[in-house]
Each structure stands twice: as structure tokens, then as C-alpha cells.
Amino acid sequence: MTELVINAPDLQTFQQRLVAALLAVTGWLLWSYIFFPLVTLSCWLVDNDVCSQWVNFAGGYLQLQRMLDIYLQTIAALSLLWAIWLSYNSIRRRLRTGKQEPACIGIEDLCQEFQLPRDALARCRESRYTTLRFDSKGRIISLETD
């Protein structure tokens, strides 16, 4: 699976842009479906004439009240599932004992691994910019500091 390039949509394929646009439109349609009865009911409660027609068109006050009950139950169930998922992830993270914290790497280890003199590595750590030169096999052959 290819990940989307979030910060550069011009690098996305046409299919990726199309799917992203369809997902955005679907999300907005779902939000409008959820919030339209809430807006309608609140406007009807403050005696807005246009919204009272919407209430009657939607099946009346009782029908809207039933829909609001279903919405509240759905939101409560989703919140409960989300809380369970968060708990599961936090417990799973605590129980993971196979992963150990990475050991600290000292200057001596770096010097030995990359065959660098200790004073050159110390200069690089203190400088703001460091230029590395490599040979054809990828080994460091020189360090230049600013």
C-alpha cells in the first residue's frame, strides 16, 4: 500500500486525490445528516417559522425526539468504544516487555564503530555544521566543521 503524500498533493495520483475528495464529501454529508435534526429542533424551539416546517416535514416533534435519542445513544456507544480502545492500547503498551529501551551510545562506541579520532568527533559535536565525506563503500573518510 502506498502512503499518501500529505504535504504535497500534486505528487498524489489521480485515484488518490479522487478518493480523498470522496472521503471528504462523505464526511461532510454525514456531519450534515447528524446535525440537521439538531439545528432544526433548536430553531423550532425558539419559534423560527422556517424550521417549524422542517419539523413537520421530518415527521413532527416526536419523530425528531426519537432521532435525537438514537443520535445520543450512538454517540455514547462510540465514546464507550473509543474509551475501551484507548484503555486497550495503554494496557498493551505497558505489557510489552519484548522491547527494551535503546542503550545509550557513548563517544568511545561511536569512535570505534566509524573509525573516527576522538578529538574530531568532539569538534563535530560542538560545531553547528559538520560536513562528512565518504568513500565509495560508504565509510567516513573526513569530517569538516564550520
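Positions are given from 1, in the same order as the sequence printed here. Just so it is clear, the model here is predicted, and its values are computed rather than measured.
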Greater than 12 external heavy atoms within 6.0 Å of I105's CD1: no
Give, for atom CD1 of I70 and atom CD1 of I75, the distance between the pair rounded to the nearest 0.5 Å. 12.0 Å
Selection residues 120-130 - residue pairs positive for salt bridge (Lys or Arg N to Asp or Glu O under 4.0 Å), sequence neighbours left out: D119-R123
Do L110 and F134 belong to the same hydrophobic cluster, where Ile, Leu, Val, Met, Phe, Trp and Tyr are linked whenever their side-chain heavy atoms lie under 4.5 Å apart, directly or via other members? yes
Would you indicate whether F14, at its atom CZ, is surrounded by more than 12 heavy atoms from other residues, nucleotides or ligands within a distance under 6.0 Å? no
In residues 137-145, what donor-acceptor pairs under 3.5 Å come from side-chain atoms, sequence neighbours left out?
unit_1: R139; atom_1: NE; unit_2: D135; atom_2: OD2; d: 3.1
unit_1: R139; atom_1: NH2; unit_2: D135; atom_2: OD2; d: 3.1
unit_1: E144; atom_1: OE1; unit_2: R133; atom_2: NH2; d: 3.2
unit_1: E144; atom_1: OE2; unit_2: R133; atom_2: NE; d: 3.1

Going from OG1 on T26 to CH2 on W31, what distance comes out if it is rounded to the nearest 0.5 angstrom? 14.5 Å
Of L80, L78, I84, L86, the one forming a side chain to side chain contact (heavy atoms under 4.5 Å, CB included) with W82 is L86
Is the shortest side-chain heavy-atom distance between I107 and L121 below 4.5 Å? yes
